[in-house]
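Written below as structure tokens is the structure these notes are about.
Along the sequence shown, residues are numbered consecutively beginning with 1.
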Amino acid sequence: MALDVATERSKDLFTLPGIHSALLLNIIAITLPWGGLRVVGAYSSSLRYLFTSALFSATSLFSVLRSAEYFDLRRSLWASFFVTAPLAFGVLLEGLGIPFYSLCYTSLLLASLISWSMGKSTKSKVLPFILAGEAIVVNGLSLRLLLVLIVSMISARLVGAVVGSVTEPVIGLSGFDGVRALADIVLGGSGASLEERLVERGVKGIASFDVIKLGESVITAVDVHPGPFRMGSHDFPRRVMARLRDRGLNPIFLRRACSHERNLASSKLADEILEEIVRCLGKVTPCCVGEPVFTSNDGFEVSAQRFGDTLLFTVSGRPLESFEDIPHEIEEVLARELRVNVSVVDRHDSLRSDWYEMAFIDSELGRKLAKILLELGRSAIQKECLESALVGYQWDDPGWPSVGRGGVGVLSLRVGDITTSYVMIDGNNMVPELRDLIDEFAPRGVRVIVSTTDTHETISTKHRYNPVGNECRTEECLRKRASYLIDLVKESIGSMVEVKVECYRGKVETVFMGSELMAMLSSLMGSSRLAKPLLALAMLPQIVALLM
């Protein structure tokens, strides 16, 4: 998908090694050129270089540190190195009679680009001016240095104007504001600077959700996408579960069929849906529950179960080995044909790192999925619907790198003679081998339905592929993971009690990102590949000046 390509390109721009590497390079950039100047006898230049580079490094570090949510110590150290490093190269010019501080142009240009485009506080925005003052104090005011400082800031402003011409048509933010907004959603900022504009440009629609209350246990099935950016409905599954758990309930979250276009345009909209889900707990009414039915073909494993006026489907693409995102339109097709409310849960339980299949509604694979769901739905409707069922629940946080803060929730449900365990994992898909081991270890006579929430909390620009179980490097590790999950299944079955069933389908008017805005935003992220040539172009005044 275009989004994957765009994210990989932005990864080049925003991903850097660790703290120790950055600290070491800062030390080398300050001390090695200083030592070199002393060795060749340029004592005066060596002292001026030492003070200039040390001041540039320290000032840059403390100016950008915590100036935005994503400027932690690691990124701040790298910013400090980028600002200081050009001075080190400037030392090589001393032999040509050109003072090292000529490359203050490059240092101030980088400082301006970093602080103006990514920093949010006043201390970061004044960084270039502080550095200019330090350069003058240490090296003395000269026409060359003054021109270098002035031209560097003009160049930075010109770069901002070029960037603005790209970002403004897409997100309505010009200049460095657009870069800052992009950094926000990629690196984990609040996204607040962008959300207001996205709400204006998004697509109005209806988000629907099912609340199925089984005594103290609750199934919530929502047709909102939890990502891909760190804004809007990012981390929505965990937030829903945390809120319900705070009310003394035992929740699982099932992510219904949809893709990135149904990411909410702002976190405020996510809050509104969350509040409506909580309110609807008081609106549930008695309903019946039917026996589940199951089937599979060479593409999908499917289940269907009736809860009152709603059919709850679950779909696994495990037979395809690597499968992603069922389109939301599939629910519309099924509801029209079956004449009931429909929730199609995308289990997200099998994904490879380098490829996957998608069941677009007008594709052969999409038609195959619609056909098997329709057949199974008609069978589920015919099943006897009971007023009560046996229900058990277990939850735990395994602390795995591939599992988010929502942890693992298991809701086991026995209707008639059939026991089904809905295993919800707050993760972004699952490695196929783990999924297979879960099936292998499942208790006899129990149908285990594994689903992940598709949360994007567990992935980042560094780790785009992090399905549940990805941290395992041996089969033994995977077997331990599967055994752990099955133990939770057994514990939930052991805690079963008979409960009445209550249901409610809620709807909220909201604003989604929409496919067009998602495509434009992905294209904007993809344009980050231009960062390096654009920066090289901004260096031209420095290069010309040195050749004169």
Side-chain angles (χ1 to χ4, degrees), residues 1-3 6-7 10 68-70 117-118 120 163-209 220 222-240 242-243 253 255-280 325 327-329 453-457 506-528:
M1 293 176 65
L3 180 63
T7 306
S10 66
E69 298 93 324
Y70 39 77
S117 67
M118 297 179 70
K120 298 181 181 180
V163 171
S165 67
V166 176
T167 60
E168 202 281 332
V170 179
I171 58 178
L173 294 171
S174 59
F176 293 123
D177 290 339
V179 180
R180 191 177 304 113
L182 178 60
D184 248 4
I185 63 176
V186 172
L187 299 180
S190 65
S193 61
L194 183 60
E195 288 188 340
E196 184 177 341
R197 305 304 177 104
L198 294 181
V199 170
E200 296 172 358
R201 289 166 166 74
V203 176
K204 293 183 178 179
I206 302 294
S208 71
F209 56 86
T220 54
V222 189
D223 63 354
V224 166
H225 192 273
F229 306 121
R230 295 180 181 272
M231 49 161 284
S233 44
H234 166 72
D235 197 24
F236 188 64
R238 182 200 62 81
R239 293 173 59 195
V240 171
R243 187 66 181 278
F253 181 99
R255 207 272 276 168
R256 286 164 53 186
C258 61
S259 192
H260 294 126
E261 77 281 351
R262 287 184 74 83
N263 188 52
L264 297 175
S266 80
S267 56
K268 290 182 179 178
L269 296 170
D271 290 338
E272 291 175 2
I273 296 177
L274 176 54
E275 291 303 319
E276 185 61 22
I277 290 174
V278 173
R279 279 193 291 270
C280 287
D325 287 356
H328 185 254
E329 292 83 0
T453 62
D454 196 28
T455 182
H456 284 60
E457 181 189 14
K507 296 182 179 181
V508 179
E509 291 186 3
T510 190
V511 180
F512 298 102
M513 293 282 286
S515 56
E516 183 176 342
L517 186 56
M518 277 299 305
M520 294 174 69
L521 198 55
S522 299
S523 175
L524 181 61
M525 290 175 61
S527 66
S528 63

Check: Counting only N and O atoms by type, is there a donor-acceptor contact under 3.5 Å from the side chain of Glu195 to the main-chain atoms of Gly232?
Finding: yes

Check: Does a side-chain heavy-atom distance below 4.5 Å link Leu517 with Phe512?
Finding: no

Note to self: If I take atom CG from residue Leu198 and atom CG from residue Leu264, how far apart are they, to the nearest 0.5 angstrom?
What the structure shows: 11.5 Å

Next item on the list: Could you check if a side-chain atom of Glu509 sits within less than 4.5 angstrom of a side-chain atom of Ile206, using non-hydrogen atoms only?
Entry: yes

Next item on the list: Say whether Arg262 and Ser233, considering side chains only, have a donor N or O and an acceptor N or O under 3.5 Å apart.
Entry: no

Notebook entry, point to check: Looking only at heavy atoms, what is the nearest atom pair of Arg239 and Ala270, with distance?
Noted result: NH1-CB, 3.7 Å

Check: Do you know which two heavy atoms are closest between Val224 and Ala207, and how far apart they sit?
Finding: CG2-CB, 3.9 Å

Next item on the list: Measure the shortest side-chain to side-chain distance between Phe209 and Thr220 over non-hydrogen atoms and say whether it is less than 4.5 angstrom.
Entry: no

Check: Heavy atoms, side chains only, cut-off 4.5 Å: are Phe236 and Thr453 in contact?
Finding: no

Next item on the list: Provide the closest heavy-atom pair for Lys120 versus Tyr70 in the form atom of the first, atom of the second, distance.
Entry: CE-OH, 4.2 Å

Margin query: Nearest 0.5 Å, please: how far is CG in Asn263 from CE in Met513?
Written below: 6.0 Å

Check: Side chains of Arg201 and Val199: closer than 4.5 Å at any heavy-atom pair?
Finding: no

Margin query: Salt bridge check, Arg243 against Glu275: does any charged N sit closer than 4.0 Å to a carboxylate O?
Written below: yes

Next item on the list: Using a strict 4.0 Å threshold on nitrogen-to-oxygen distance, state whether Arg255 and Asp325 make a salt bridge.
Entry: yes

Notebook entry, point to check: In terms of side-chain heavy atoms, does Glu272 have a donor or acceptor partner in Thr510 at a distance below 3.5 Å?
Noted result: no

Checklist line | Close side-chain approach of His456 to His225, heavy-atom, < 4.5 Å | finding: yes

Margin query: Using 0.5 Å steps for rounding, measure from the CD atom of Glu329 to the OG atom of Ser259.
Written below: 9.5 Å

